[in-house]
Amino acid sequence: MTKGDWVISGNTGMGFNNIATTVKVGGKSTDGPKVNTFSITPSVGYFVIDKLAVGIDLGYVNRITKYDDVKFTNSTFSVMPTATTPGSRDRLWIE
């Protein structure tokens, strides 16, 4: 990898999750909270010099929890600057 190249990181991903729980006490079952989660974390970097890329990870998580007749929505957005070298498994996190 040389200066001027672009790279899309291996942690680019998208996920969905749905959880429903049931609580059983004394032979009676009660529905617990239902949680739906959607997340996406793309990452991109630019080689500023040979073998050193700086970039950014962008994260978004949306979680919806429903219990009884109540609905709670929580959305999170994150930005993390990164620095990587080709072939490295670990990132150098810069905060």
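Every heavy atom of this structure was used, including side-chain atoms; hydrogens, water molecules and symmetry mates were not.
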Query - Contact summary for Val35 and Arg63, nearest pair of heavy atoms - result: CG1-CG, 3.7 Å
Query raised in the report: Do Ser75 and Asn62 get their side chains close enough for a donor-acceptor pair, meaning under 3.5 Å?
Result: yes
Query raised in the report: Looking at residues at least two apart in the chain, or sitting in another chain, which of them share a side chain to side chain contact (heavy atoms under 4.5 Å, CB included) with Lys71?
Result: Ile64, Lys66, Thr73
**Report entry** Residues which pass ring pair (Phe, Tyr, Trp, His ring centres under 6.0 Å) with Tyr67, listed by chain and number, not counting sequence neighbours
**Finding:** none
Report summary line: Connected to Val25, directly or through other members, by ILVMFWY side-chain contacts below 4.5 Å are Val23
Query raised in the report: Is it the case that one hydrophobic cluster holds both Val54 and Ile56, taking links as side-chain heavy atoms less than 4.5 Å apart, direct or via other members?
Result: yes
Report task. Say whether Phe77 and Val44 are linked into one hydrophobic cluster, either directly or through other cluster members, by side-chain heavy-atom distances under 4.5 angstrom. Result -> yes
**Report entry** Those residues that, when tested against Asp5, pass side-chain hydrogen bond (donor to acceptor under 3.5 Å, both in side chains) (two or more places apart)
**Finding:** Thr2
Query raised in the report: How long is the gap from OG1 on Thr85 to CG on Asp50, to the nearest 0.5 Å?
Result: 12.5 Å
**Report entry** Listed partners of Thr22 passing side chain to side chain contact (heavy atoms under 4.5 Å, CB included), at least two apart
**Finding:** Ser29, Asp31
Query - Minimum heavy-atom distance between Thr65 and Pro33, given as atom pair plus value - result: CG2-CB, 4.1 Å
Query raised in the report: Where do Val79 and Leu58 land on the side-chain contact (heavy atoms from CB on, under 4.5 Å) test, with the steps shown first?
Result: CA-CA 5 Å; Val79 177; Leu58 301 173; 3.8 Å; yes
Query raised in the report: Does the side-chain contact (heavy atoms from CB on, under 4.5 Å) test come out yes or no for Phe47 and Trp6, once each step is laid out?
Result: CA-CA 6 Å; Phe47 280 85; Trp6 286 90; over 6 Å; no
Requested in this report: Identify, with sequence neighbours excluded, every residue that meets side chain to side chain contact (heavy atoms under 4.5 Å, CB included) alongside Lys51.
Outcome: Pro86
